[in-house]
Amino acid sequence: MKFLDECKIYLKSGDGGRGAASFRREKFIEFGGPDGGDGGRGGDIVIEAVANLNTLIDYRYQQHFRAQNGRPGAGQNKTGADGADIVLKVPVGTQVIDEDRETVLHDLVEPGQRLVLLRGGDGGFGNTHYKSSTNQAPRRAGTGWPGEERWIWLRLKLIADVGLVGLPNAGKSTFLSAVTSARPRIADYPFTTLKPQLGVARIDEREFVLADLPGLIEGAHEGVGLGDRFLGHVERCSVLLHLVDGTEENVAAAYRTIRRELKEYGHGLEEKPEIVALNKVDALTPEERKKKKQALARAAKRQPMLLSGATGAGTTDVLRALLATIRGARAEAEAAAGTDDPDAADAPWAGPRL
C-alpha cells in the first residue's frame, strides 16, 4: 500500500430541502387548509478515526466530497427525507487543518473518535408552519438552508511510542526489521527509506510501536534531501532512538547534525527523551569501538548503547531501555491527567493495526 501523509480535499454538506406549499383538497371537506410538509435536512460531513488505517492514500484518487441534499416536503404534511451523511475514515493521528495550512481545526488521536466538520442545511418550512388565526391560507414556504463548504488539509502524524532518527544509512531500517516483523526496504545506499515504516516490538511480555523515518541530512530543515516533513510523525512519540553509524569517521559530528535539525524543526522534538545508540559495532574492532563510544559520549553527554542490527547484538538491552522510558513517560502523562490507575502505564497501545 502506498503511503500518503498529507492531502487537500473539498467538502460540502447537503442543502436543506424546500418546504411544500399545498392545501388539503378532499370531497365533502370544506376549507381543508394548508398541509405542506417541511423539507428534509441536508447530510453532514463526518470525519472518523479508525484503527486499521495508516495512510491517506484513498484521498489521492478522490478529492471532492458532497453530501446528499435533503428531499423537498410534500402535501399531506409529509416531511422530506434527510440527506445521507458522508463519513470520511482516516487513520488515528490525523489532523484536520484549515486551508491556510496552519490552523488546526481538530486532532483525531483516539480510535472511533468522530468529528462533524460540516453540518447539513436545515429544511425549509412548509406552509403549514405559517398558518395562524390571521393567515389561515398561507402560500409561503421556505426554500431550505444551504449547506457549508470548505477546502481542508488532512495531515497524518503517525502515533508511535518510539521514533528512529539518524543520518541516512545509520541502520534504522535494519534495526526495525531485527526487532519487529516489519520488512522495510534495506540497501547500501542513502535514502533507501522514502516513507515512514511502523513495526511492533515485543520484550518482556510487553509491546510498543516503533516508527522508522527517512534519514535526515544537514540542511534538512531548509528542504535539503527529503527535508524534515516526516519529522511530524515523531511529534507524538514518547522517546527518540538516535542511531549513529559506527562506521562514520566522525560519530560526534553525525550526532550533532541530527540534534541541530531537530532543534531547527522545533515542536518540542529536542526536549523529548532520547536514547543514543552506536550501531554497526560488528564492523568495528575493539579499539575503534572504544574510541568511537567515548567520542559519542562526549558529544551526547551520556553513555551510548552499543548494538548491531545486522547480528542482533545489543538489541535486547536497547528494547528494555526503550520500554522503561516509555513506561516512565506514560506514567507522567497519566499523573498529569489525574489518573490513579497504576496499570495505566502498561496499557497496550491502540493505534493503527499493521
Side-chain angles (χ1 to χ4, degrees), residues 7-53 56 58-92 94-99 103-108 110-154:
C7 62
K8 185 180 182 180
I9 59 176
Y10 169 81
L11 306 175
K12 185 183 184 306
S13 58
D15 298 335
R18 63 180 300 120
S22 67
F23 295 88
R24 183 180 182 186
R25 292 183 175 86
E26 293 184 34
K27 191 176 182 180
F28 306 124
I29 296 180
E30 190 177 15
F31 307 116
D35 67 348
D38 300 338
R41 191 173 182 277
D44 298 334
I45 299 290
V46 181
I47 300 179
E48 180 181 7
V50 295
N52 59 347
L53 290 177
L56 296 170
D58 292 341
Y59 303 105
R60 169 173 289 177
Y61 307 109
Q62 182 181 357
Q63 293 91 26
H64 295 76
F65 299 89
R66 295 178 174 87
Q68 187 180 24
N69 295 334
R71 302 293 295 173
Q76 299 181 359
N77 291 315
K78 294 179 180 177
T79 300
D82 293 340
D85 298 338
I86 287 184
V87 180
L88 305 178
K89 297 184 182 297
V90 298
V92 176
T94 300
Q95 290 182 329
V96 182
I97 302 174
D98 202 2
E99 191 176 2
T103 306
V104 178
L105 303 176
H106 208 78
D107 199 357
L108 303 170
E110 297 290 341
Q113 193 173 353
R114 290 169 67 95
L115 165 67
V116 181
L117 185 62
L118 301 181
R119 295 194 176 275
D122 293 328
F125 291 126
N127 63 342
T128 303
H129 178 83
Y130 300 104
K131 180 178 63 175
S132 68
S133 60
T134 58
N135 186 9
Q136 298 183 11
R139 286 169 172 78
R140 172 188 175 187
T143 58
W145 292 89
E148 302 173 311
E149 59 181 329
R150 73 189 309 171
W151 286 89
I152 64 167
W153 285 87
L154 297 177

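We number each residue from 1, following the sequence as shown. Keep in mind it's a predicted model, so treat the numbers as computed, not measured.
Side chain of Asp15 to main chain of Gly147: a donor-acceptor pair is present (N/O by atom type, distance under 3.5 Å, no hydrogens or angles). Checked by atom type and distance alone, the side chain of Thr128 pairs as donor or acceptor with a backbone atom of Gly36 at under 3.5 Å. Without hydrogens or angle criteria, Asp82 side chain to Arg41 main chain gives a donor-acceptor distance under 3.5 Å.
Residues Ile45 and Arg150 fail the side-chain proximity criterion, which asks for heavy atoms closer than 4.5 Å. The shortest distance between side-chain heavy atoms of Phe125 and Arg140 does not fall below 4.5 Å. Using a 4.5 Å heavy-atom threshold, the side chains of Leu53 and Val90 count as separate. Side-chain contact check for His106 versus Leu117: every heavy-atom pair is 4.5 Å or farther apart. Looking at heavy atoms from C-beta onward, Trp153 lies out of side-chain contact with Gln95 at the 4.5 angstrom threshold. Side-chain contact between Ile152 and Leu118 is absent, with no heavy atoms from C-beta onward closer than 4.5 Å.
In this structure, Trp151 and His64 have perpendicular ring planes: the angle between them is above 60°, well past the 30° mark.
A distance of 12.0 Å separates CG of Leu154 from NZ of Lys8, quoted to the nearest 0.5 Å. Atoms CG and CG, on Leu11 and Leu88 in that order, are 6.0 Å from each other to the nearest 0.5 Å. Atom CD1 of Ile47 sits about 11.5 Å away from atom CD1 of Ile86, to the nearest 0.5 Å. Summarising the geometry, atom CD belonging to Gln62 is positioned 13.0 Å from atom OH belonging to Tyr10; distances are rounded to the nearest 0.5 Å. How far CG of Asp35 is from CZ of Arg25: 8.5 Å, rounded to the nearest 0.5 Å. One distance of note links CD of Gln76 with CD of Glu26; it measures 7.0 Å at 0.5 Å rounding.
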* To do: Starting from the C-alpha separation in whole Å, work towards a yes-or-no answer on salt bridge (Lys or Arg N to Asp or Glu O under 4.0 Å) for Arg119 and Asp122.
  => CA-CA 9 Å; Arg119 295 194 176 275; Asp122 293 328; over 6 Å; no
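Under a 4.0 Å N-O distance rule, the pair Arg66/Glu149 does not qualify as a salt bridge.
Listed here is the closest heavy atom pair of Ala141 and Asn127: CB-N, 4.3 Å. The nearest pair of heavy atoms linking Ala67 to Ala84 is CB-O, 3.9 Å. Listed here is the closest heavy atom pair of Ser133 and Gln136: O-NE2, 3.4 Å. Of all heavy-atom pairs spanning Glu48 and Val87, the tightest one is OE1-CG1, 3.6 Å. Heavy atoms only, all atoms of each residue included: Arg24 and Ile29 are closest at NH2-CD1, 3.2 Å. For the residue pair Pro111 and Ala51, the shortest heavy atom distance occurs at CB-CB, 4.1 Å.
The environment of Gln63 atom CD is dense: over 12 non-hydrogen atoms of other residues, nucleotides or ligands sit within 6.0 angstrom.
No side-chain donor-acceptor contact under 3.5 Å links Asp44 and Ser13.
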